[in-house]
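Worksheet: the structure to be examined is printed underneath.
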Amino acid sequence: MATLKAIRRRIASVKSTQQITRAMKLVAAARLRRAQEALLNARPYHEAFKRVSDSLLGSAPDALKPPEDAGNVRLLVVVTSDRGLCGGYNTNVIRMAEETMREATAAGREVRLFAIGRKGFDHFRRIRANVVGDRVNNSPRLATVALARDVAARMLTDFRSGTVAEAGVIYASFRSALSQRPTYEQLLPVAPPPASAGVSAAPATDYLIEPSAAELVPVVMRGYVEAAIFHALLEAEASEYGAKMTAMESATNNAVDMIARLTLEMNRARQAQITRELMEIVGGAEALRG
Amino acid sequence: MADTFQFRLVTPTGVLFDGAVEQVTAVGPLGEFGVLPLHTNFITSIAPGVVTLKLGEANFNEYLLAGGLAEVKDGVMTILALEAEAPGAVDSIAAAPVVLEAEQRLAHMSEFDPAYADAVQALALARARAQINQLRRAPH
């Protein structure tokens, strides 16, 4: 049995761990609230953009196709976190990415990765995947317009030059603090709006387009990709903090349980020690009397 | 005739303006344009610059946009901008060195560089920031 002193030391150490995990949980909760708010604020932009791009891109299907001589490469942007301690969040995203990679390879495509977040970057470098770019240490915030713009610009440049034929983003989509679902979203080539194929298609609005559709389509396409990536980053950010909050909460609960168990053990050890001392005193008295 | 129409300024960080306006003036690829009530359905891109909303007599509202899209549909105008800021929040003094930097970068760039268009945009935005006070027309 562990000595009383060792158990006391152990309890003190678990207590300080518990303090840390509790503080981390509170921080994650505050950031999650902020991230959720940002996600909500971005919604009108996405909805409005989707409406405009659907009505405009629907009229120019040719512009959506990759160049004729496009290679056979699929570019995957994988969004993970920079830091750990968030449960299975990164593992799940990475597993999804690897599945998508396998699928693409089976379909005869070459896969290139663009890693956002240190965890994913480190992992893919370790398994020697073809990582063509990365953005790590995205603190204090992951979901910034500047980052989305940067990634989108790169994606579109590769797509227009024919280097990549397909591009998509993998991120954890936020459902609740307890549940984040890894998601693959294909961005390029832009899928034609469903309205153009459906029977119940709404009549396309007749727009006056300035300067011309040909000049506006690249602008809209770029905005569309930027908006989609920004949205993915927002989802990923909210998911990360949700996962972290949940992980830290269960860590705190574990610490509470462990402290209760150790306290019990400590009391038992103390009692055993007292009993032993009493026995010694009684034994000593008996010896003197005898 | 309708005196006002609905206007929305939407950015990824939220809806900055949603309400009735008399007139909207913005900068498009072909120059400045204005939108009045009963405008036809219309889509254009927006160059970096100032958008002015006329809310009433001598009552203006302005935003600095980093470019975006404008749409008029069924009498409702929507501007989608990646970034927008109120002119009061713009630091025009800090923008001056950025203009120089952007100019220099552009000077060393080929027109065929994929980043050329971005550099032009960045320069236009920096210029708009630096000259924000000249571009504004509202009394301030």
Side-chain angles (χ1 to χ4, degrees), chain A residues 34 37-57 59 141 143-146 148-150 152-161 163 204-213 215-224 226-231 233-234, chain B residues 6-19 26-35 38-48 65-85 98 112-122 124-125:
Chain A
R34 206 176 55 182
E37 214 167 88
L39 192 58
L40 213 64
N41 284 343
R43 193 165 291 161
Y45 184 79
H46 289 289
E47 280 164 7
F49 209 101
K50 186 138 186 46
R51 203 189 57 231
V52 176
S53 64
D54 277 358
S55 56
L56 193 72
L57 297 181
S59 63
R141 296 219 49 187
T144 55
V145 171
R149 209 170 214 183
D150 224 32
R154 182 173 176 136
M155 212 184 235
L156 280 169
T157 313
D158 284 356
F159 182 71
R160 290 216 179 96
S161 67
T163 321
T205 317
D206 201 12
Y207 283 110
L208 180 71
I209 297 170
E210 258 177 35
S212 68
E215 275 174 77
L216 209 52
V217 164
V219 177
V220 173
M221 217 158 116
R222 178 171 174 178
Y224 170 84
E226 275 169 356
I229 291 177
F230 186 65
H231 182 245
L233 292 177
L234 283 172
Chain B
Q6 207 203 342
F7 173 77
R8 297 187 348 133
L9 175 59
V10 188
T11 71
T13 49
V15 179
L16 291 189
F17 185 93
D18 188 354
V27 189
L30 305 179
E32 204 175 71
F33 66 94
V35 172
L38 304 176
H39 197 286
T40 182
N41 289 339
F42 173 61
I43 297 186
T44 187
S45 58
I46 301 257
L65 303 182
L69 276 181
E71 181 208 29
V72 181
K73 189 186 178 190
D74 306 330
V76 178
M77 180 173 184
T78 312
I79 287 189
L80 298 160
L82 261 189
E83 287 167 277
E85 42 199 323
V98 182
F112 303 103
D113 193 311
Y116 187 80
D118 277 359
V120 172
Q121 286 259 318
L125 178 62

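We name chains A, B, ... by the order of the sequence lines, and we start the count at 1 in each one. Just the heavy atoms: all of them, side chains too, but no hydrogens, waters or symmetry mates, feed the values below.
For Leu82(B), the parts lying near chain A are the backbone and the side chain together; criterion is any non-hydrogen pair under 4.5 Å. Contacts of Arg43(A) with chain B are absent, with no heavy-atom separation under 4.5 Å from either backbone or side chain. Contact annotation for Ser45(B): both backbone and side-chain heavy atoms come within less than 4.5 Å of a heavy atom of chain A. For Arg160(A), no part lies under 4.5 angstrom from a heavy atom of chain B. For a residue to count as touching a neighbouring chain, one of its non-hydrogen atoms must lie under 4.5 Å from one of that chain's; by this rule Glu226(A) touches chain B with the side chain only. With a 4.5 Å cut-off on non-hydrogen atoms, Pro12(B) touches chain A through its backbone and its side chain both. Proximity to chain A involves both the backbone and the side chain of Leu80(B), based on heavy atoms less than 4.5 angstrom apart. The part of Ala153(A) that comes within reach of chain B is its side chain, from C-beta onward, which places non-hydrogen atoms under 4.5 angstrom from that chain.
Among all heavy-atom pairs drawn from Pro44(A) and Val10(B), the shortest one is C-CG1, 3.8 Å. Across every non-hydrogen atom of Phe42(B) and Tyr207(A), the tightest pair is N-CD2, 3.5 Å.
Atoms CZ and CD, from Arg51(A) and Glu71(B) in turn, are 4.0 Å apart once rounded to the nearest 0.5 Å. Within the model, atoms CG of Leu208(A) and CD1 of Ile43(B) stand 9.5 Å from one another, a figure rounded to the nearest 0.5 Å. The CD atom of Glu47(A) sits 12.0 Å away from atom OG1 of Thr78(B), with the distance rounded to the nearest 0.5 Å. Between Thr44(B) atom OG1 and Glu215(A) atom CD the span is 9.5 Å, to the nearest 0.5 Å.
In this view, Tyr45(A) and Phe49(A) satisfy the ring pair (Phe, Tyr, Trp, His ring centres under 6.0 Å) rule, not counting sequence neighbours. Residues that satisfy the ring pair (Phe, Tyr, Trp, His ring centres under 6.0 Å) test with Phe230(A), not counting sequence neighbours, are absent from this structure.
In terms of non-hydrogen atom pairs under 4.5 Å with chain A, the most contact-rich of Ala81(B), Gly67(B), Ala70(B) is Ala81(B).
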